[in-house]
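Take a look at the structure below.
Just so you know, these numbers use all the heavy atoms, side chains as well, and skip hydrogens, waters and symmetry mates.
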Amino acid sequence: MTEAPIRVLIADDQPLVRRGLSLILSPDPSFEVVGEAENGAQAVDLARRLRPDVVVMDIRMPVLDGVGATGELAAAVPACRVLALSTFDMDEYVVGALRAGAYGFLPKDSSPEDLSAAIRTVHAGEAAVAPRLLTRLISTFVTAPRDTRAAPAGLGGLTPREVEVWRLMATGLDNTEIARALELSLSTVKNYITSIFDKLAVRDRAQAVIAAYESGLVTARAVAGERPE
């Protein structure tokens, strides 16, 4: 039995960008472009009616920007997953979208292959952000309050080992690198990460990394020292 195509809604205020994204996706039978929106408010309205699987959402749009639209969709159409798009790698609006519930982020200069892969990834319920890009992005725009700068060793009821896995995740290591660093199996690391998400009440890796910076568990300065350029 052939799998149903992934239903995609494209939201961007530039007609040429919308058309270009549609032309990239439409020839692939694993995707179905169900609609196009020129602003965030229209994207929310269309998503409510059309129930797409994935919304490819430009972050900076008139009327309602991508951050606000992502938040509304997370509340109103939780089964619909958002892939945020931005012209810039380092964009504080992207962090806002990830906080609001976006499953991933892609720079607009990404390849068509990257776009297709990212849509498939968020459709599967996974975070579509490269770990090191995620860490650079969040460390640039997220800081802990000055009076809570100490690392929260027991935050959310995490065990010491879970805190260490969380810290390594926040410094940009992927699961394989975490397993190597702690001399654990990959499946054990995945189990720890599932438990961390549950205890912190976060949905994915992006939100867990944001929480690590907001709590003061890691800082941009510390990460820069641990991961030399």
Side-chain angles (χ1 to χ4, degrees), residues 8-12 40 43-44 47 52-61 64-110 114-115 117-145 155-156 165-175 178 193-194 196-220 223 227:
V8 180
L9 173 67
I10 297 169
D12 196 291
V44 173
D53 300 308
V54 176
V55 177
V56 179
M57 181 87 72
D58 184 26
I59 292 299
R60 298 174 183 267
M61 291 186 291
L64 179 66
D65 65 24
V67 177
T70 297
E72 290 194 18
L73 285 175
V77 195
C80 173
R81 288 158 182 163
V82 173
L83 174 65
L85 291 183
S86 175
T87 304
F88 310 103
D89 282 359
M90 295 293 104
D91 187 345
E92 61 184 320
Y93 279 68
V94 173
V95 176
L98 294 172
R99 277 199 185 102
Y103 271 73
F105 156 63
L106 206 63
K108 281 190 175 180
D109 61 358
S110 299
D114 287 341
L115 173 65
I119 291 173
R120 290 189 175 94
T121 297
V122 300
H123 180 248
E126 300 173 8
V129 190
R132 285 174 179 77
L133 175 57
L134 177 65
T135 299
R136 283 199 301 123
L137 180 67
I138 292 172
S139 66
T140 300
F141 297 110
V142 179
T143 58
L155 187 65
V165 171
W166 184 26
R167 186 185 68 80
L168 293 176
M169 187 194 317
T171 63
L173 272 64
D174 61 26
N175 291 0
I178 293 171
I193 290 175
T194 299
I196 290 165
F197 289 176
D198 182 60
K199 290 181 179 181
L200 295 177
V202 299
R203 194 206 52 231
D204 58 26
R205 198 180 201 95
Q207 292 187 347
V209 174
I210 290 172
Y213 279 88
E214 289 179 331
S215 70
L217 178 70
V218 293
T219 65
V223 170
R227 303 192 66 86

Mind checking the CG-OH spacing from Leu98 to Tyr103? Nearest 0.5 Å is all I need. 12.0 Å
Are there more than 12 heavy atoms of other residues, nucleotides or ligands under 6.0 Å from atom CZ of Phe197? yes
Asp198: which residues meet the side chain to side chain donor-acceptor pair (under 3.5 Å) condition with it, sequence neighbours left out? none
If I take atom CG from residue Leu200 and atom CD1 from residue Ile210, how far apart are they, to the nearest 0.5 angstrom? 12.5 Å
Set of side chain to side chain contact (heavy atoms under 4.5 Å, CB included) partners for Arg120, sequence neighbours left out: Ile6, Asp28, Ser30, Phe31, Ser116
Distance, nearest 0.5 Å, that separates CD1 of Ile178 from OG1 of Thr171: 7.5 Å
Indicate the atoms forming the closest heavy-atom contact of Val8 with Val56, along with that distance. CG1-CG2, 3.8 Å
Got a second to check how far Ile10's CD1 is from Met57's CE, nearest 0.5 Å? 12.0 Å
Which donor-acceptor pairs under 3.5 Å do the side chains of residues 66-82 make with protein atoms, sequence neighbours left out?
unit_1 : atom_1 : unit_2 : atom_2 : d
Thr70  : OG1    : Gly66  : O      : 2.7
Arg81  : NH1    : His123 : O      : 2.6

Nearest heavy-atom pair of Leu83 and Gly104: which atoms, and what distance? CD1-C, 3.7 Å
How far apart are the closest heavy atoms of Ser86 and Ile59, and which atoms are they? CB-CG1, 4.5 Å
Distance from Leu168 atom CG to Asp174 atom CG, nearest 0.5 Å? 11.0 Å
At their closest point, which heavy atom of Trp166 faces which heavy atom of Ile196, and how far apart are they? N-CD1, 3.8 Å
Side chain of Arg203, backbone of Ala102: donor and acceptor closer than 3.5 Å? yes
Partners passing side chain to side chain donor-acceptor pair (under 3.5 Å) against Asn175 (at least two apart in sequence or in another chain): Arg205
Closest non-hydrogen atom pair, Met61 against Gly40: CE-N, 3.6 Å
Ala11 and Ala43 have their tightest heavy-atom pair at CB-CB, 3.8 Å
Evaluate the side-chain proximity of Lys108 to Asp58: yes if any heavy-atom separation is below 4.5 Å, no if none is. yes
